Amino acid sequence: RVLYIGGDSVVIGLDQTAIVLSKFDSTGMLLWKKAGICSNNGSTVAPEAQSVKVSASGKVYFTFSFKDTITFGSTVLLQNSATPANKSNIILMELDAANGNINWSKKIYTEYGGSGQSNDEYTAAIDLNNNGEIVFLLATDSLTFRTYSNTGDLLKSKSHYVNPAY
């Protein structure tokens with residue numbers, strides 16, 4: 001599925017074990033392709049693509065969720081020990097324009113919820129503002145707006161509780 005169309009396009013492919021990002025130029029020529037392979041203690045777990053944006057300079061900003069481990073080439077991202085079992089981390093990642101190498105990645109959200117309660121249902125989206133900052137929206141049982149610098153540092157965060165009964 002195509003998650004971004006502009007000067008360059010990024011196509012996200014998903015299956016039960018991997019996320020594949022393919023970047024194409026405006027003529028349709030493949031510029032690069034990167035795969036993230038997920039695993040969970042030896043068994044495979046499906047990752048989820050959330051949102052992608054391409055900056056004016058061609059850098060790719062991408063959010064996705066995974067459980068346990070995901071490997072992009074030689075870069076291994078591990079779920080941290082504080083994450084509850086069977087919950088996912090959402091990652092914000094920057095890939096360089098030229099070849100899709102990972103410049104940085106940050107864990108920006110962890111699903112929570114104990115037995116009988118869960119906020120596994122969520123929507124995450126990113127956009128770029130006029131200052132080149134990354135604006136992140138997370139919708140669960142609350143709305144969370146965060147602004148990150150183009151180096152992944154948190155600049156602002158604001159949450160609003162949403163009553164699901166309305």
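Fair warning: this is a prediction, and the values are worked out from it, not measured in the lab.
- If you take NZ on K158 and CG on L143, they are separated by 12.5 Å, rounding to the nearest 0.5 Å.
- Under the 30°/60° scheme for interplanar angles, the aromatic rings of F145 and H160 are found to stand perpendicular.
- With 3.5 Å as the limit, one finds a donor-acceptor pair spanning the side chains of S159 and T144.
- Inter-residue side-chain proximity for K34 and V20 is flagged as unmet; no heavy-atom pair is nearer than 4.5 Å.
- Among residues two or more places apart in sequence or in another chain, the side-chain hydrogen bond (donor to acceptor under 3.5 Å, both in side chains) test is passed with N99 by N101.
- Rounding to the nearest 0.5 Å places CG of N150 at 8.0 Å from CD of E133.
- Residues satisfying the ring pair (Phe, Tyr, Trp, His ring centres under 6.0 Å) criterion with Y148, sequence neighbours excluded, are absent altogether.
- Put simply, OG1 on T63 and CE on M93 are 10.5 Å apart, with the number rounded to the nearest 0.5 Å.
- Looking only at side-chain heavy atoms (C-beta outward), I126 and V135 stay at 4.5 Å or farther from each other.
- No side-chain donor-acceptor contact under 3.5 Å links K59 to the backbone of K53.
- For an aromatic pair to be called close, the ring centres must be under 6.0 Å apart, and F136 with Y61 fails this.
- In this structure the side chain of L21 reaches within 4.5 angstrom of the side chain of F72, judged on heavy atoms.
- The distance from atom CG of L92 to atom NZ of K106, rounded to the nearest 0.5 Å, is 9.0 Å.
- Here K33 pairs with nothing under the salt bridge (charged side-chain N to carboxylate O under 4.0 Å, His left out) rule; sequence neighbours left out.
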